[in-house]
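The structure under discussion appears below in the form of structure tokens.
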Amino acid sequence: MQEILDAINAGATGDDIANIELPETYRAAHVLRSEQEMWQGVESADKDPRKSLHVGEVPLPELAPNEVVIANMASSINFNTVWTSIFEPLPTFGFLDRLGKESIWGKRHAQDFHVVGSDSAGVVLRVGSAVRNWSPGDHVTVHCNDVDDQDPSAHNDSMLAANQRIWGFETNYGGLADLSIVKANQLMPKPSHLSWEESSVNALCASTSYRMLVGDHAGRMKQGDNVFIWGATGGIGAYAVQLVLNGGGTPVGVVSSEKRVELLKAMGCENVIDRREEGYKFWSDEHTQDEREWRRLGKKVRSLIGEDPDIVFEHPGRSTFGASVFITKRGGKIVTCAATSGYMIEYDNRHLWMKLKSIISSHFANYAEAWAMNRLIDQGAIQPVLSDVYDLEHVGDAALAVHRNQAEGKLGVLCLAPEEGMGITDPDKRERIGEDKITLFRRMS
Ligand code: NAP
């Protein structure tokens, strides 16, 4: 690995990179099939990813013609890293086994280890024989939409592809590792003004928020729209706030601490609700919701912006969904991509149909959407929300912090990058965009 790192640091490209011999094994964060039952009888909150995420050597698989080998300089923790490491709602080995039955290339993924991680910023080391647009030495970020481009169902919107998968969650050889294999159609140019770790945290969360709010398939936000955002300093929420501001809308952000209130205001979000301070209790017991509490939230939103939200950016799930449906404007949209607190959802359907509201589902983003989002980051219109950085050996600590809702924005993980701050190739552009803007989350978290 040292030879690879030295070549990257020396700015090597083309044959100088392509001629470096790749190792047979590499360091990777992974869970083990033999441990997938380890949390039997343990409450979700008590499951500790430090016990299930191992960092050790795994074999480098053979490269398919449409794939590349990446040297991951940095990666990030996503909530799916938490799901895999606590084996909820299902162990991810079932996904790998299904992929293993699809093709000879798919078979490589069905292993007794699962290398996790659905983000990366790094350098292309090898390209398969069918790869046209990328070369060894290219600096890239990786989006996590794994699709088979020979499948006709993948061609209107690849998120509708019958065998669409999330790389590093439903496939093996993810980004929390020194090397990865990814399909060439997952690659995007790395923003030149950002460091490796700043570049590595965006693709999954930012693209998800882009599709939910901006793309043609979900929220289709317009200038002037009011957008209510749960978890507004969290991974997807912090990009949602920026997209609303950048698109001429008004965000109303919900968070759960004074520190997050300050962070949100520093981002330019004037309408902030501290849900802990307000003490909302949407569920009076495990089975009963309290409409008066939904109404209290609705009144709070009206007191801030004078109107109801055109769009509610929904992801906490069971704990908030009833309230989200209630507070949405007549004819408005509830856009959902997740259910962190529980996926068996209850809401009062009268508030939906009588007021002609729509619930719209959204999941990650297609290549065009991820590319459009990456371009906004490259232009400096949207900033990375990196709040802290861990090294790969401490990936379990980082996953635990996300599991316990202790982290703002995104947590970066250094893989091959030996320290923070490396990989910036256009310092002038960085200065033009503004160091303070780029590092806001790092400074305030
Ligand atoms: P995150 O960084 O942990 O942020 C989530 C935020 O939600 C937290 O900061 C918290 O903010 C808020 N929250 C958590 N539980 C809540 C509750 N019960 N009620 C109200 N607010 C709550 O996670 P993330 O990366 O943003 O991901 C959020 C969810 O989206 C996860 O379930 C993840 O798996 C999912 N996701 C789905 C996709 C997709 O493609 N479908 C992509 C990315 C993420 P406060 O405590 O400050 O309010």
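Counting starts at 1 for both ligands and their atoms, in listed order. Computed from heavy atoms alone, side chains included, the values below leave out hydrogens, waters and symmetry copies.
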_Those residues that, when tested against H351, pass ring pair (Phe, Tyr, Trp, His ring centres under 6.0 Å) (two or more places apart)_ = F326
*Listed by chain and number, what are the ring pair (Phe, Tyr, Trp, His ring centres under 6.0 Å) partners of W230, not counting sequence neighbours?*
F228
_To the nearest 0.5 Å, what is the distance between OG1 on T250 and CG on L304?_
11.5 Å
*Taking the six-membered ring for Trp and the full ring for Phe, Tyr or His, determine whether the centres of H143 and W371 are under 6.0 Å apart.*
no
Between ligand 1 and the protein, give all atom pairs where both partners are nitrogen or oxygen and the distance is under 3.5 Å, as lines of names plus distance to 0.1 Å.
{"residue": "ligand 1", "atom": "2 (O)", "partner": "G235", "partner atom": "N", "Å": "2.9"}
{"residue": "ligand 1", "atom": "9 (O)", "partner": "N405", "partner atom": "OD1", "Å": "3.4"}
{"residue": "ligand 1", "atom": "18 (N)", "partner": "S319", "partner atom": "OG", "Å": "2.9"}
{"residue": "ligand 1", "atom": "21 (N)", "partner": "R275", "partner atom": "NE", "Å": "3.4"}
{"residue": "ligand 1", "atom": "26 (O)", "partner": "G235", "partner atom": "N", "Å": "3.2"}
{"residue": "ligand 1", "atom": "26 (O)", "partner": "I236", "partner atom": "N", "Å": "2.9"}
{"residue": "ligand 1", "atom": "32 (O)", "partner": "T340", "partner atom": "OG1", "Å": "2.7"}
{"residue": "ligand 1", "atom": "34 (O)", "partner": "W83", "partner atom": "NE1", "Å": "3.1"}
{"residue": "ligand 1", "atom": "40 (O)", "partner": "H363", "partner atom": "ND1", "Å": "3.2"}
{"residue": "ligand 1", "atom": "40 (O)", "partner": "F364", "partner atom": "N", "Å": "2.7"}
{"residue": "ligand 1", "atom": "41 (N)", "partner": "C337", "partner atom": "O", "Å": "2.9"}
{"residue": "ligand 1", "atom": "41 (N)", "partner": "H363", "partner atom": "ND1", "Å": "2.9"}
{"residue": "ligand 1", "atom": "46 (O)", "partner": "S256", "partner atom": "OG", "Å": "2.6"}
{"residue": "ligand 1", "atom": "46 (O)", "partner": "R260", "partner atom": "NH1", "Å": "3.4"}
{"residue": "ligand 1", "atom": "46 (O)", "partner": "R275", "partner atom": "NH2", "Å": "2.8"}
{"residue": "ligand 1", "atom": "46 (O)", "partner": "N405", "partner atom": "ND2", "Å": "2.9"}
{"residue": "ligand 1", "atom": "47 (O)", "partner": "S256", "partner atom": "N", "Å": "3.0"}
{"residue": "ligand 1", "atom": "47 (O)", "partner": "S256", "partner atom": "OG", "Å": "3.2"}
{"residue": "ligand 1", "atom": "47 (O)", "partner": "R260", "partner atom": "NH1", "Å": "2.9"}
{"residue": "ligand 1", "atom": "48 (O)", "partner": "R275", "partner atom": "NE", "Å": "2.7"}
{"residue": "ligand 1", "atom": "48 (O)", "partner": "R275", "partner atom": "NH2", "Å": "3.4"}

*Sequence-distant partners of F113, ring pair (Phe, Tyr, Trp, His ring centres under 6.0 Å), two or more places apart*: none
_Both conditions, 6.0 Å and 45 degrees, for the charged tip of K299 above the ring of W294: are they met here?_
no
